[in-house]
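Reading through the structure tokens given below for one structure.
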Amino acid sequence: MRAVAWHGTRDVRVDTVPDPTIEQPTDAIVRITSTAICGSDLHLYEVLGAFIDEGDVLGHEPMGVVEAVGSEVTQIRPGDRVVIPFNVSCGHCWMCDNGLQSQCETTQVREYGTGASLLGYTKLYGQIPGGQAELLRVPQAHYGPIKVPDGPPDDRFLYLSDVLPTAWQAVAYADVPSGGSVLVLGLGPIGEMCTRIAQHQGAETVLAVDLVPERLQRARDHGVVALDLNDEGRDLAGHVRDLTGGRGPDAVIDAVGLEAHGAPIGKIAQRLTAMLPDVAAQKLMTTAGIDRLSALHSAIELVRRGGTISLSGVYGGAASPMPLLQLFDKQITVRQGQANVRRWIDDLLPLVSGDGDPLGVEEYATHRLPLDDAPRAYEIFQKKQEGCFKVVLKP
């Protein structure tokens, strides 16, 4: 089969690799019909190569049609149309029973002290071949796959794999009070979906900050007060307070993560780390702070006293410095973590299955490209060229 494989920093290729097979009775094989590139895939493309091997298959936002199932998989069968959550969870451990599927005790990667395994995402998370491929072996398929109806286009359901539950959890963790205000840092696919969900759930004031003109306009088109960091950077906090009653927003969602703009020292550290041999780079990443923290520091500055910060952006440093005095003094609540995909599906599935499209998922992607165009797709997504906002690959 054809699959998108990692070959080095800013080097992905479409390789021919062996077809997957059923390895465990809880496996399924899914023929992929759509698979998206995530912003966190770009962290592998640029920064996190120390924990990935050449030839590893990428991708964790797939959907398709079931081809085969193991003997213990009974809730789906060949021919069913399914979306695959990015986290691999068993559905029966204590963590899964308590809605923490991203911490599944069955698939935790204990070698590295990390949570549940993820599709297509490094040794830290199980090194499971990902979904940017023609076929995918789905572990824990007795629980994970989400059966969706035939008929509507893939784009109606594809984002149940990651974008929708990640954004839904980010807004839930932000705990915006009724009639309150929220500010989203970063208008990439997750951040912009956070603004839509916050609006859908009734936030009175939804603000956002970004640098890319097309992304700012995209958010403004559905009623977000979108601020250009290039214009507001010198007194962003003052402007935001003016827009939120002088206090700042009730909540801030950081949808940027470790590759934030405005952190030159962190950027140098990341680039130097990427140049090191894997053994040295792994040691640095697991003992040092290599994140670019400007977005997180902005969140701490911008949120009102007694407010909440919700982190959905990925961070990778083990010892990133934090302004604890400011966090303590402002009495800020911080919530974070990988999305617990299955926890939120009952809330989300009706929104994408009905006659309407309240979150605008059918037109969310800007680029739909053949799988063989993946190298170009990664490049234009990473460089924000050609108006690229979200890429869906079609095997």
Side-chain angles (χ1 to χ4, degrees), residues 34 36-42 61 153-168 170-171 174 176 181-233 236 239-240 243 249 251-257 259-262 295 298-299 302 310 312-313 348 351-352 356-369 376-393:
S34 292
I37 301 177
C38 179
S40 55
D41 288 327
L42 297 183
E61 297 188 3
D154 278 8
D155 283 31
R156 179 63 75 99
F157 305 111
L158 176 62
Y159 306 116
L160 292 171
S161 60
D162 183 351
V163 172
L164 286 169
T166 295
W168 192 273
V171 175
V176 184
S181 57
V182 60
L183 182 146
V184 179
L185 294 171
L187 283 168
I190 299 298
E192 211 242 296
M193 185 55 74
C194 286
T195 66
R196 296 182 184 215
I197 289 170
Q199 290 173 319
H200 175 75
Q201 293 186 354
E204 183 172 319
T205 303
V206 180
L207 304 96
V209 179
D210 204 283
L211 294 157
V212 182
E214 295 90 347
R215 296 184 175 188
L216 291 162
Q217 188 57 52
R218 182 183 172 106
R220 289 171 184 146
D221 287 345
H222 62 90
V224 174
V225 180
L227 307 176
D228 188 339
L229 188 61
N230 291 311
D231 297 334
E232 310 294 343
L236 176 63
H239 191 178
V240 168
L243 294 168
V252 173
I253 296 171
D254 173 0
V256 179
E259 291 189 77
H261 290 275
S298 291
L302 294 169
S310 173
S312 64
L348 288 163
L351 296 179
V352 298
D357 185 12
L359 300 178
V361 292
E362 285 196 23
E363 302 302 325
Y364 208 62
T366 53
H367 291 67
R368 295 171 181 83
L369 300 171
R376 173 175 165 267
Y378 268 83
E379 182 177 8
I380 64 172
F381 188 27
Q382 198 260 348
K383 293 180 178 178
K384 301 178 177 67
Q385 296 174 338
E386 302 179 24
C388 188
F389 174 79
K390 184 67 176 178
V391 180
V392 175
L393 300 172

Subject >> Gap between atom CD1 of I197 and atom CG of L348 - 0.5 Å precision >> reply: 6.5 Å

Original post:
Mind checking whether L359 and V352 have side chains closer than 4.5 Å, heavy atoms only?
Top reply: no

Original post:
Atom OH in Y378, atom CG in D41: separation rounded to 0.5 Å?
Top reply: 4.0 Å

**OP:** In sequence, state the C-alpha distance, the side-chain angles, and the governing distance for H200 and V171, and then conclude on side-chain contact (heavy atoms from CB on, under 4.5 Å).
**Re:** CA-CA 11 Å; H200 175 75; V171 175; over 6 Å; no

Subject >> Check: L243 and L227 side chains under 4.5 Å, non-hydrogen atoms >> reply: yes

Original post:
Are any side-chain N or O atoms of Q201 and backbone N or O atoms of V176, one a donor and one an acceptor, separated by less than 3.5 Å?
Top reply: no

Original post:
In Å, rounded to the nearest 0.5 Å, how long is the span from CG of D210 to CG of L216?
Top reply: 5.5 Å

**OP:** Working to the nearest 0.5 Å, report the span between CG of D254 and CG of L185.
**Re:** 6.0 Å

**OP:** Give the minimum heavy-atom separation between V361 and M193, together with the two atoms involved.
**Re:** CG1-CE, 4.2 Å

Original post:
Can K390 and E192 be said to form a side-chain contact (heavy atoms from CB on, under 4.5 Å), step by step?
Top reply: CA-CA 11 Å; K390 184 67 176 178; E192 211 242 296; over 6 Å; no

Original post:
Is the number of heavy atoms from other residues, nucleotides or ligands within 6.0 Å of CD (E386) greater than 12?
Top reply: yes

**OP:** Return yes when atom CD of Q385 has more than 12 non-hydrogen atoms of other residues, nucleotides or ligands closer than 6.0 Å, and no otherwise.
**Re:** yes

Subject >> Check: D357 side chain, E362 main-chain N or O, donor-acceptor pair, under 3.5 Å >> reply: yes

**OP:** Report the distance from atom CG of L158 to atom OG of S34, rounding to the nearest 0.5 Å.
**Re:** 5.5 Å

**OP:** Would you name the heavy atoms of L187 and T195 that are closest together and state the gap between them?
**Re:** CD2-CG2, 4.1 Å

**OP:** Salt-bridge test for E214 and R218: reply yes if a basic N is under 4.0 Å from a carboxylate O, no otherwise.
**Re:** no

Original post:
Nearest 0.5 Å, what's the OH-SG distance between Y159 and C38?
Top reply: 11.5 Å

